[in-house]
Amino acid sequence: MKPLLTVGLIATTMISTTAIAKPVDWTPGIGGDISLMVGYNKSDSQFNTDNHTTPNLNNNGNEQDKMFVAPIGSLSYTFNSGNKQLYFGTSRSDIALGRFHIEAGYRQKFADTSTLTLSYIPGILSQKTWQDPYLQGVERSKTESNINAFSVKLDNIRGSRFSGQIAYGKFSVDHEQSGNDPLLKLTANERASLNRNANVLYTEGTYVQPFSRSLMLRTAVNFTNIDASGNAMNNNIYGAAATIIQLLPQSSLAFTLSYKKALFDSTNPVFNKKQQDNKFGAFLAYEYSQPFNWKNWGLVSLIGYSSTQSNINFYDSNDVLVSAGLNYKF
């Protein structure tokens with residue numbers, strides 16, 4: 001798994017605890033938090049950039065494992081009114097492709113307890129991918145990919161337990177050369193159909209059901225449209241997730257199950273099939289506040305598993321993630 005994607009899994013999953021169990025701090029002035037995570041992950045994806053060479057395109061990648069260190073954090077300024085806030089830092093929401101981002105934004109809380117968030121992902125951070133993932137028997141060359149996006153989110157709509165989000169962005173691959181391997185014998189039009197550069201639209205609706213003051217269920221449905229330059233890369237993704245959140249006197253935990261179905265519009269000329277993916281995820285996040293009586297500190301950990309099962313074996317993948325670290329709030 002690529003390091004930034006690993007961090008993205010941490011940030012995306014931790015939203016269950018941070019966004020619900022620990023609401024936004026509206027204390028006037030400067031605030032924020034920083035976390036340092038260390039962990040281990042194992043992956044067998046063809047898009048893991050440690051899998052430099054593949055002998056054929058009929059299987060997922062070789063299994064790779066590694067240790068990683070991942071700093072994440074954010075900075076905010078809350079106005080004296082206590083209901084307006086500017087912030088900058090690591091995205092803790094699943095915007096567009098669910099990747100790891102630096103995000104800048106504005107929040108405003110209303111009298112009915114709803115909160116409006118406007119944010120921008122400037123594409124400062126990039127993620128490595130292959131120029132041509134379909135090369136066989138020779139070392140694949142890396143390139144950079146990134147996303148720029150705008151997001152609008154409304155939490156606790158009109159004081160209810162419903163929230164909604166919509167985001168729009170552009171996904172870019174610096175040196176897109178998919179399908180250029182002479183062994184594939186693709187026409188110019190077929191190569192063009194593999195272009196991954198895309199406009200991305202993401203929408204999500206969520207509902208939080210409390211069972212008690214310390215136990216709640218968050219459910220979500222989401223939809224992603226990827227309008228790629230290449231017809232074979234166009235797809236719609238339909239998803240659902242459920243998170244159980246348990247608040248304890250000095251700690252909190254969240255267990256999330258998720259499922260997504262990706263349906264592609266056109267035949268992939270490399271495999272002569274329309275791609276269809278089933279994506280499964282299970283994550284357990286835990287935070288323990290003030291260990292050893294350290295004020296403003298927290299111990300955080302995450303165990304996660306994600307799997308993609310495709311009708312094209314090349315896109316199959318399995319990922320395991322275990323991490324732990326310290327968080328400091330100021």
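Hydrogens, waters and symmetry mates play no part in the numbers below; they use all other heavy atoms, side chains included.
- A donor-acceptor contact shorter than 3.5 Å is absent between the side chain of Asn222 and the backbone of Thr203.
- Here the closest heavy-atom approach between residue Pro122 and residue Asn148 is recorded as O-OD1, 2.7 Å.
- Using a 4.5 Å cut-off between side-chain heavy atoms of Ile, Leu, Val, Met, Phe, Trp and Tyr, with links allowed through other members, Ile245 and Val208 fall into the same hydrophobic cluster.
- Taking the ring-ring contact (aromatic ring centres under 6.0 Å, His included) definition, one finds that Tyr207 meets it with Phe162, sequence neighbours left out.
- A donor-acceptor contact shorter than 3.5 Å links the side chain of Ser43 to the backbone of Ser45.
- Side-chain N/O atoms of Gln165 and Ser151 include a donor and acceptor closer than 3.5 Å.
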Open item on the list: Evaluate Lys142 against His175 for side-chain contact (heavy atoms from CB on, under 4.5 Å), listing each step before the verdict.
Closed with: CA-CA 9 Å; Lys142 298 176 185 178; His175 300 286; over 6 Å; no

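- Across every non-hydrogen atom of Tyr77 and Ile30, the tightest pair is CD1-CG1, 3.9 Å.
- Side-chain atoms of Gln136 never come within 3.5 Å of backbone atoms of Asn56 as a donor-acceptor pair (strictly under, hydrogens ignored).
- No side-chain heavy atom of Leu57 sits less than 4.5 Å from a side-chain heavy atom of Ile312.
- Side-chain polar atoms of Asn236 and Asn225 form a donor-acceptor pair below 3.5 angstrom.
- Residues Asn41 and Val320 have side chains not in contact (no heavy-atom distance under 4.5 Å, counting atoms from C-beta outward).
- Closest of all the heavy-atom pairs between Ala220 and Thr206 is CB-CG2, 3.6 Å.
- Here Lys66 pairs with Asp50 in a salt bridge; the nearest charged N to carboxylate O distance falls below 4.0 Å.
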Open item on the list: Please evaluate residues Tyr106 and Gln108 with respect to the criterion side chain to side chain donor-acceptor pair (under 3.5 Å), reporting the C-alpha separation (whole Å), side-chain torsions for both, the decisive distance (0.1 Å), and the verdict.
Closed with: CA-CA 7 Å; Tyr106 168 81; Gln108 180 166 348; 2.7 Å; yes

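- The shortest distance between side-chain heavy atoms of Asn268 and Tyr315 falls below 4.5 Å.
- Counting Ile, Leu, Val, Met, Phe, Trp and Tyr side chains that sit under 4.5 Å apart, directly or through other members, Ile244 shares a hydrophobic cluster with Phe211, Leu215, Leu217.
- Classification of Glu204 and Lys260 as a salt-bridged pair fails, no side-chain N sitting under 4.0 Å from a carboxylate O.
- A distance-only check finds no donor-acceptor pair linking the side chain of Asp155 to the backbone of Ser114 [under 3.5 Å].
- Checking side-chain atoms of Ser163 against main-chain N and O of Asn156 turns up a donor-acceptor pair under 3.5 Å.
- Counted by atom type alone, Lys170 and Asn199 present one or more donor-acceptor pairs between their side chains at under 3.5 Å.
- Residue pairs meeting the ring-ring contact (aromatic ring centres under 6.0 Å, His included) criterion with at least one member in residues 217-239, sequence neighbours excluded, are Phe223-Tyr238.
- A side-chain donor-acceptor contact under 3.5 Å links Glu190 to the backbone of Thr187.
- Side-chain contact between Asp25 and Thr78: absent, with no pair of heavy atoms (C-beta onward) separated by less than 4.5 Å.
- In this view, Glu144 and Lys128 satisfy the salt bridge (Lys or Arg N to Asp or Glu O under 4.0 Å) rule, not counting sequence neighbours.
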Open item on the list: As a quick check of understanding, evaluate side-chain contact (heavy atoms from CB on, under 4.5 Å) for Leu302 and Tyr286, giving each step before the final call.
Closed with: CA-CA 6 Å; Leu302 172 69; Tyr286 176 78; over 6 Å; no

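- Linking Ile, Leu, Val, Met, Phe, Trp and Tyr whenever their side-chain heavy atoms come within less than 4.5 Å puts Ile166 and Leu154 in one cluster.
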Cut-off 3.5 Å, no hydrogens considered: what does the side-chain donor-acceptor table look like for residues 274-282, sequence neighbours left out?
unit_1, atom_1, unit_2, atom_2, d
Lys274, NZ, Asp265, O, 3.3
Gln275, NE2, Asp277, OD1, 3.1
Gln275, NE2, Asp277, OD2, 2.7
Asp277, OD1, Ser310, OG, 2.7
Asn278, OD1, Tyr259, OH, 2.5
Asn278, OD1, Lys261, NZ, 3.3

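- Donor-acceptor pairing under 3.5 Å is recorded for the side chains of Asn83 and Ser81.
- Tyr87 belongs to no hydrophobic cluster, as no Ile, Leu, Val, Met, Phe, Trp or Tyr side chain comes under 4.5 Å of its own.
- Side-chain polar atoms of Asn327 and Asp33 form a donor-acceptor pair below 3.5 angstrom.
- One N or O on the side chain of Glu176 and one on the backbone of Ser178 form a donor-acceptor pair closer than 3.5 Å.
- Closest of all the heavy-atom pairs between Gly304 and Phe283 is CA-CD2, 3.3 Å.
- Judged purely by atom type and a 3.5 angstrom limit, Ser145 uses its side chain to pair as donor or acceptor with the backbone of Gln127.
- A donor-acceptor pair is defined here as one N or O able to donate and one able to accept, closer than 3.5 Å; such a pair exists between the side chain of Ser160 and the backbone of Ile157.
- Here the side chains of Leu321 and Ile303 are not in contact, with every heavy-atom distance at 4.5 Å or above.
- Contact check for Asp181 versus Tyr134: no side-chain heavy atoms found under the 4.5 Å cut-off.
- Under the 4.5 Å side-chain heavy-atom criterion for Ile, Leu, Val, Met, Phe, Trp and Tyr, Phe330 and Trp297 are members of the same hydrophobic cluster.
- Taking the six-membered ring where the residue is Trp, Trp294 and Phe292 present tilted rings, their angle falling between 30° and 60°.
- The side-chain heavy atoms of Tyr120 and Phe150, taken from C-beta on, include a pair separated by under 4.5 Å.
- Side-chain polar atoms of Tyr305 and Asn318 form a donor-acceptor pair below 3.5 angstrom.
- A donor and an acceptor atom, one from each side chain of Gln131 and Thr143, are nowhere located under 3.5 Å apart.
- Side-chain contact of Gln46 with Asn51: a donor-acceptor pair under 3.5 Å is absent, judged by distance alone.
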TODO: Begin with the C-alpha distance, continue with both residues' side-chain angles, and end with the deciding distance and a verdict on side-chain contact (heavy atoms from CB on, under 4.5 Å) for Thr115 and Phe110.
DONE: CA-CA 6 Å; Thr115 302; Phe110 300 100; over 6 Å; no

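- Without hydrogens or angle criteria, Trp26 side chain to Lys84 main chain gives no donor-acceptor distance under 3.5 Å.
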- [ ] Start with the C-alpha gap between Thr53 and Val138, add the side-chain angles, then the distance that decides, and say whether side-chain contact (heavy atoms from CB on, under 4.5 Å) holds.
- [x] CA-CA 6 Å; Thr53 305; Val138 297; 5.9 Å; no

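- Within the 4.5 Å cutoff, the side chain of Arg140 has no heavy atoms near those of the Asp132 side chain.
- Remark: the Ser307 side chain and the Gln309 side chain contain an N/O donor-acceptor pair separated by less than 3.5 Å.
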Open item on the list: Applying side chain to side chain donor-acceptor pair (under 3.5 Å) to Glu287 and Ser252, what does each step give before you reach the verdict?
Closed with: CA-CA 5 Å; Glu287 180 172 359; Ser252 58; 4.7 Å; no

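- Shown here for Pro291 and Gly298, the closest heavy-atom pair between the two residues is CD-CA, 4.0 Å.
- A donor and an acceptor atom, one from each side chain of Asp44 and Asn60, are located under 3.5 Å apart.
- Put simply, Leu135 and Phe47 are part of two different groups of oily side chains (I, L, V, M, F, W, Y) that touch within less than 4.5 Å, one to the next.
- The closest side-chain donor-acceptor pair between Glu139 and Ser141, if any, does not fall under 3.5 angstrom.
- The two residues Asp319 and Ser317 come nearest to each other via the heavy atoms OD2-OG, 4.0 Å.
- In this structure, Phe314 and Phe271 have tilted ring planes: the angle between them lies in the 30° to 60° band.
- When hydrophobic clusters are built by joining Ile, Leu, Val, Met, Phe, Trp and Tyr residues whose side-chain heavy atoms come closer than 4.5 Å, directly or via intermediates, Val322 is not grouped with Leu284.
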